[in-house]
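All ligand and atom numbering here is 1-based and tracks the order in the structure. Since the structure is predicted, the reported quantities are computational estimates derived from the model, not experimental observations. For the numbers below, each heavy atom of this structure counts, side chains included, while hydrogens, waters and symmetry mates do not.
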Amino acid sequence: MWTGLFILAVVSGSLLGANPPARTPPRAPRPAPELVRIRFWTAPDHTRLVFDLTGAPPVEPKFRLSGPSTYEVVLPRMKKSLAVTSEFVGDSLVAEIFPSADESGVIVRVGLKQATTPLAFVLAAADGVPDRIVVDVPAPPNALADTVLQQQVSEIKRSKRLIVAIDPGHGGDDTGALGYRRLPEADIVLAIAKKLKAELEQIPGVSAVLTRTGDYFVPLQRRVELARKYQADVMISIHCNASRNHEATGTEVYFLSLTGATDEASRTLAESENAADLIGGISPQAGDDLLGILFDLRQNDTIRRSSELAENLVDALREEDRLKIERGVKQAGFVVLKAPDIPAVLVETAFITNPREAAMLKDGQFQSKVAERLADGVQTYMKTHARSASTN
Ligand SMILES: [Zn+2]
């Protein structure tokens, strides 16, 4: 049968002459993309819902408040996997998520607990993550809480000589690098960051604050904003390095370069860390306005201090025998280091893709050692750069 059809096609082609009119073969209708998974994360100031899709929505989705406590995501000409059922969220902002489907498409209703306007957007597939719909449900503005926070920050600023913002990379839908046996970078760096905060707060005159306290996504620029909101004197971003070559090892501390990276590997590393916003997802409206206003004269002094902090941290990390420090201090264009007025460094603690280093990174005692060494480095930096706390 198949052969017969083929011969017929050849014969009819030859009857039409040398240049048969081009004909697009009838294409099989593409299957409607499906909603295959719903995930959510609770952050202190918002709840994020992510809907994983098998393809881009064929028609622009509609996002609307359909009542005081219901937000709807309408996905025409899409299907819903049977595995997707209603989800109980039950945090302070979202009660439940109800997906439903009929022949016209899929509707996901989100039950809201507070008066707020969610921000939703479509994200194209990137770097191993599928096409997605992201719905961010923000906590309503709370002027009183903001005032109280500002008072607390001012009080800390008066009584402490150094405020350190610790930034655990990744989180939520951005797991960071998946290491040996799929160990997620986001979990390891949060554990080290929490231990570092505890270590730093043992030092008289030092206060530490985390840009992320749990498993949720924080856009890169927001991390810088948080450091500024807490009036941090320095910022330390914690990451794990990753490589396709599972033999790759070593520890590096980076500070910002505005002109280029130390070497090709540093440039690629910064690119992959900067892709966090692509993976975790920020709305297309969220521009990089901060990056535009940054680079004035203050930046030179900030970068000089950043390089000193990086040297101090590397020197302290050398005391930990299990770390390989040949790589040492380097420079590259990490977005999270682009604070105009806060000296900032990014620590690539070790390679999560190397079986030996992954085992170390997972070990709570090793995490504590790294935290102790980093705190030592901060103490050295503090000797030359701490403010004098006002005594009133
Ligand atoms: Zn990272």
Side-chain angles (χ1 to χ4, degrees), residues 41 43 126-129 165-197 210-224 226-227 235-246 248-257 261-282 306 310 313-314 317 323-324 327 329-339 344-354 357-358 360-362 366-367 370-371 374:
W41 294 267
D127 213 3
V129 289
I166 308 166
D167 174 51
H170 315 281
D173 37 338
D174 169 23
T175 58
L178 285 175
Y180 183 66
R181 295 195 171 147
R182 298 188 66 77
L183 184 64
E185 178 188 356
D187 292 0
I188 300 295
V189 296
L190 181 61
I192 295 174
K194 285 182 171 173
K195 286 171 191 267
L196 176 58
K197 177 174 157 62
L210 294 165
T211 58
R212 166 169 89 84
T213 55
D215 183 26
Y216 51 87
F217 176 68
V218 185
L220 295 172
Q221 195 174 311
R222 177 75 185 139
R223 295 166 188 264
V224 178
L226 283 168
M235 178 164 173
I236 302 174
S237 190
I238 312 274
H239 288 258
C240 304
N241 213 331
S243 169
R244 283 211 184 91
N245 169 12
H246 289 187
T249 58
T251 301
E252 295 160 347
V253 180
Y254 283 86
F255 66 100
L256 182 66
S257 163
T262 305
D263 50 36
E264 186 57 21
S266 310
R267 194 187 58 77
T268 323
L269 176 68
E271 257 172 29
S272 92
E273 297 289 13
N274 290 346
D277 280 353
L278 220 64
I279 307 297
I282 55 166
S306 302
L313 295 185
V314 161
L317 287 167
L323 292 176
K324 290 211 165 75
R327 294 160 181 262
V329 171
K330 288 179 152 189
Q331 276 185 279
F334 293 92
V335 169
V336 77
L337 299 181
K338 290 185 176 177
V345 298
L346 185 144
V347 181
E348 294 283 356
T349 43
F351 276 77
I352 199 165
T353 41
N354 175 298
E357 296 203 339
M360 281 172 4
L361 288 165
K362 229 169 77 174
F366 177 79
Q367 294 170 355
V370 171
L374 290 173

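- Put simply, CD1 on Ile192 and NE2 on His239 are 11.5 Å apart, with the number rounded to the nearest 0.5 Å.
- A distance of 10.0 Å separates SG of Cys240 from CE of Met360, quoted to the nearest 0.5 Å.
- For the Zn ion (ligand 1), protein N/O/S neighbours under 2.8 Å (waters excluded) are His170 NE2, Glu185 OE2, His239 ND1, Glu273 OE1, Glu273 OE2.
- At distances below 3.5 Å, at least one donor-acceptor pair connects side-chain atoms of Glu348 with backbone N or O atoms of Asn241.
- Not counting sequence neighbours, the partners of Phe334 by the ring-ring contact (aromatic ring centres under 6.0 Å, His included) test are Tyr254.
- Nearest heavy atom pair, residue Val189 against residue Arg212, reads CG2-NH2, 3.9 Å.
- Tested against Val345, the residues Val253, Ile238, Val314 include a single side chain to side chain contact (heavy atoms under 4.5 Å, CB included) partner, Val253.
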